[in-house]
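Just below is one structure, and these are the notes that go with it.
Lettering follows sequence order; numbering is per chain, from 1.
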Amino acid sequence: MSSPIIKPQTLRGFRDFLPESMIPRLQIIEIAREVYSRYGFSPIDTPALEYSEILLGKGGEESDKQLFRFVDQGERDVAMRFDLTVPFARFAAQHIGILGTPFKRYHIAPVWRGERPARGRFREFIQCDFDTIGTESLAADIETLLVVHDLLEKLEVGEFTIRINHRQVLNGLLEQLGLLQHSSAVLRALDKLPKIGEAAVTEEMNATAGISAEQATRVIAFANIEGTRSEVLAQAQEMVSGSESGRVACEALTEIISTCDRIGIAESRLQIDLSIARGLDYYTGLIFETFLADLPDMGSISSGGRYDNLAGLYTKQKLSGVGGSLGLDRLLAALQELGRCKEVQTTSQVLIARFVEDRLADYQRLSRQLHAQGIASEVYPEGKNLGKQLKYADRKKIPLAVIAGEDEFQQGTWQIKNLQRGEQLVVAEAEVVGVIQSELNKLSTSTT
RNA sequence: GUGCCCAUAGCUCAGCUGGUUAGAGCGUCGGAUUGUGAUUCCGAAGGUCGCGGGUUCGAGUCCCGUUGGGCACCCCA
């Protein structure tokens with residue numbers, strides 16, 4: 001009697017990653033790390049588990065319900081982090097003394113939400129956040145946009161537009177309409193405008209904030225202002241002119257735009273969009289979302305903004321900041337839909353066949369020479385028939401195979417087989433590494 | 001958390017109003033071909049029909065529950 005087999009399964013909303021999906025994930029993470037660190041952001045990490053009191057009540061009732069929360073073996077009330085922002089607030093409050101300000105960090109790590117999974121939404125997913133805290137300078141806002149810009153450019157997602165707005169511009173409008181006390185509910189409804197349409201937004205504003213249809217119409221009309229960036233700004237400025245903070249915010253947007261212009265950021269990539277509201281309460285200044293020209297329905301793949309007093313719950317020191325987040329899974333889905341995801345199951349570029357079983361040392365020596373040149377190669381572990389070994393390479397889409405049997409060893413040569421073209425070369429021992437290198441160069445230039 | 005749809009071989013699916021031993025394509029493995037993959041030909045393995053219960057002489061098929069997946073809300077990356 002054999003013991004019953006345990007059904008292999010993952011938890012709802014949790015995923016395994018096979019090499020073919022892990023390789024592109026790591027490539028994106030690598031690019032994000034590179035851009036973040038190039039701008040001077042330092043990596044940090046925080047624990048997956050926090051005391052529940054740290055995480056509770058930070059994003060409203062909804063996020064509390066979605067918290068994975070339990071009592072640990074030491075009777076502590078603990079929960080898994082829901083996002084990277086709240087743990088960062090705790091982190092900043094705890095360590096800002098030795099870190100000093102301004103402090104720039106990035107944090108690429110998984111977060112957990114006990115919500116209902118759907119397409120592109122999971123219970124465990126990676127966030128790629130970066131923030132600058134401890135400065136209110138507009139320079140940090142501009143730098144945040146530049147990071148997002150460079151990141152998307154490097155990721156080769158095609159044309160994209162960063163749409164920016166400012167919470168104080170919106171609040172300036174609401175102030176003039178006498179709706180400031182309903183700001184949070186009105187903005188949350190406004191945030192849905194492109195998704196649910198004007199009528200539904202009007203209805204929601206009425207239901208949640210009790211505002212009249214006429215007021216809602218004015219808010220929506222404001223959000224719908226279109227034109228060139230300076231035209232939009234000019235109209236916005238006029239409409240919020242009675243609000244001091246609204247006026248200042250318009251100036252901030254103007255300066256952001258003009259500075260980015262002088263840096264050389266294309267106008268098509270940085271637009272003013274007065275309908276961008278962001279659902280989250282804690283934003284107080286610049287807000288932005290990013291859309292791909294080829295996949296406008298995908299939603300924002302990178303968003304963020306400026307907030308005041310991030311760590312106010314944990315420290316008396318005021319820490320304001322600005323930052324953004326890259327939606328890794330959404331971006332990956334985008335790249336897949338755009339067909340920009342190479343389907344590979346291995347990073348190996350060369351398979352060295354173990355043709356003559358007791359020549360393992362010769363095969364490994366060649367492999368290590370390739371490694372020294374930065375070429376990923378591997379020796380097939382078993383001395384099985386050649387067909388099987390080539391099939392392994394073919395299946396994993398390894399582009400080159402190296403074959404040498406007794407004939408080749410006697411002549412001091414190696415055979416290099418290009419599995420994509422079916423071509424085969426015989427080269428002298430001394431040239432083998434160089435030829436492999438140039439064959440691989442040919443492949444990478446011809447496929448892109 | 002609410003509503004709706006779905007679950008059959010490793011994958012994609014067929015399987016009639018309930019009726020013998022549940023099928024196909026692709027993939028896997030073996031062989032044709034012990035010095036050459038992808039192409040061709042031949043063959044084989046692989047299923048308590050997601051799981052548990054019920055109705056029935058009889059359930060992959062009908063009912064209930066449960067787990068997992070998808071869609072729309074809610075919310076968000």
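Helical stems of RNA chain B (runs of at least 3 Watson-Crick or G-U pairs, donor-acceptor distances under 3.5 Å) are listed by first residue: B:1-7 with B:67-73, B:10-13 with B:23-26, B:28-32 with B:40-44, B:50-54 with B:62-66.
Among residues two or more places apart in sequence or in another chain, the ring pair (Phe, Tyr, Trp, His ring centres under 6.0 Å) test is passed with A:Tyr392 by A:Tyr380. When the salt bridge (Lys or Arg N to Asp or Glu O under 4.0 Å) test is applied to A:Lys154, the partners found at least two apart in sequence or on another chain are A:Glu34. For A:Phe41, the ring pair (Phe, Tyr, Trp, His ring centres under 6.0 Å) partners at least two apart in sequence or on another chain are A:Phe130.
Between B:C76 and B:G1, the distance separating the two C1' atoms is 15 Å to the nearest Å. Taking atom P on both B:C41 and B:C4, the two are 49 Å apart, rounded to the nearest angstrom. If you take atom P in B:A59 and the same atom in B:U20, they sit 12 Å apart, rounded to whole Å. The C1' atoms of B:A77 and B:A38 are separated by 40 Å, rounded to the nearest whole Å. Comparing the C1' positions of B:U56 and B:G60 gives an interatomic distance of 16 Å, to the nearest angstrom. Comparing B:C13 with B:C73, their C1' atoms sit 31 Å apart, to the nearest whole Å. Nucleotides B:G65 and B:G23, compared at atom P, are 33 Å apart to the nearest Å. Straight-line distance between the C1' atoms of B:A32 and B:A14: roughly 32 Å, to the nearest whole Å.
Between A:Leu67 atom CG and B:C76 atom C1' the separation is 15 Å, expressed in whole Å. The separation between A:Leu18 atom CG and B:C11 atom C1' is 13 Å, rounded to whole Å. Protein atom CZ of A:Arg15 is 16 Å distant from nucleotide atom P of B:A77, rounded to whole Å. A:Phe291 places its CZ atom 13 Å from the C1' atom of B:A77, with the value rounded to the nearest Å. In this structure, CD1 of A:Ile28 is placed 13 Å from C1' of B:A77, rounded to the nearest angstrom. Across the protein-nucleic acid pair, A:Gln66 atom CD and B:A77 atom P stand 11 Å apart, rounded to whole Å. Here the C1' atom of nucleotide B:A77 and the CZ atom of A:Phe88 are 18 Å apart, to the nearest Å. Atom CD of A:Glu20 is separated from atom C1' of B:G10 by 13 Å (rounded to the nearest Å).
In summary, A:Glu382 and A:Lys388 do not engage in a salt bridge, as defined by a charged side-chain N under 4.0 Å from a carboxylate O. Ion pairing between a basic and an acidic side chain is recognised when a charged N comes within 4.0 Å of a carboxylate O; A:Glu153 and A:Arg269 show such pairing. Taking the charged nitrogens against the carboxylate oxygens, A:Asp131 and A:Lys104 have no contact shorter than 4.0 Å, which rules out a salt bridge. Between A:Arg121 and A:Asp329 there is no salt bridge, since no side-chain N of the basic residue sits under 4.0 Å from a carboxylate O of the acidic one. Ion pair A:Arg15/A:Glu124 not flagged as a salt bridge, since none of the NZ, NE, NH1 or NH2 atoms sits closer than 4.0 Å to an Asp/Glu carboxylate oxygen. Ion pairing between a basic and an acidic side chain is recognised when a charged N comes within 4.0 Å of a carboxylate O; A:Asp394 and A:Lys391 show no such pairing.
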Test side-chain contact (heavy atoms from CB on, under 4.5 Å) applied to A:Arg81 and A:Thr46, step by step: CA-CA 9 Å; A:Arg81 65 175 170 230; A:Thr46 66; 3.2 Å; yes
Given A:Ser325 and A:Asp129, is the side-chain hydrogen bond (donor to acceptor under 3.5 Å, both in side chains) satisfied, shown in steps? CA-CA 4 Å; A:Ser325 179; A:Asp129 279 26; 2.8 Å; yes
Test side-chain hydrogen bond (donor to acceptor under 3.5 Å, both in side chains) applied to A:Arg90 and A:Gln94, step by step: CA-CA 6 Å; A:Arg90 192 226 79 222; A:Gln94 210 168 322; 3.0 Å; yes
Could you encode protein contacts along nucleotides 2-8 of chain B as a string, one character per nucleotide from 5' to 3', using B for base contact, S for sugar-phosphate-only contact and - for no contact, with a heavy-atom cut-off of under 4.0 Å? BBB----
Under 4.0 Å protein heavy-atom contact, by nucleotide of nucleotides 28-44 of chain B - B base, S sugar-phosphate only: -SS----BBBS------
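Ring-plane geometry between A:His149 and A:Phe160 is classed as perpendicular, the angle between the planes exceeding 60 degrees on a 0 to 90 degree scale with a lower cut at 30.
Backbone-only engagement by A:Gly13 is indicated by non-hydrogen atom pairs under 4.0 Å involving sugar-phosphate atoms exclusively. Across all strands shown, A:Gln127 has heavy atoms under 4.0 Å from sugar-phosphate atoms exclusively, and none from any base.
A residue-by-residue look at A:Arg12 and A:Ser325 shows that A:Arg12 has its nearest nucleotide of RNA chain B further toward the 5' end.
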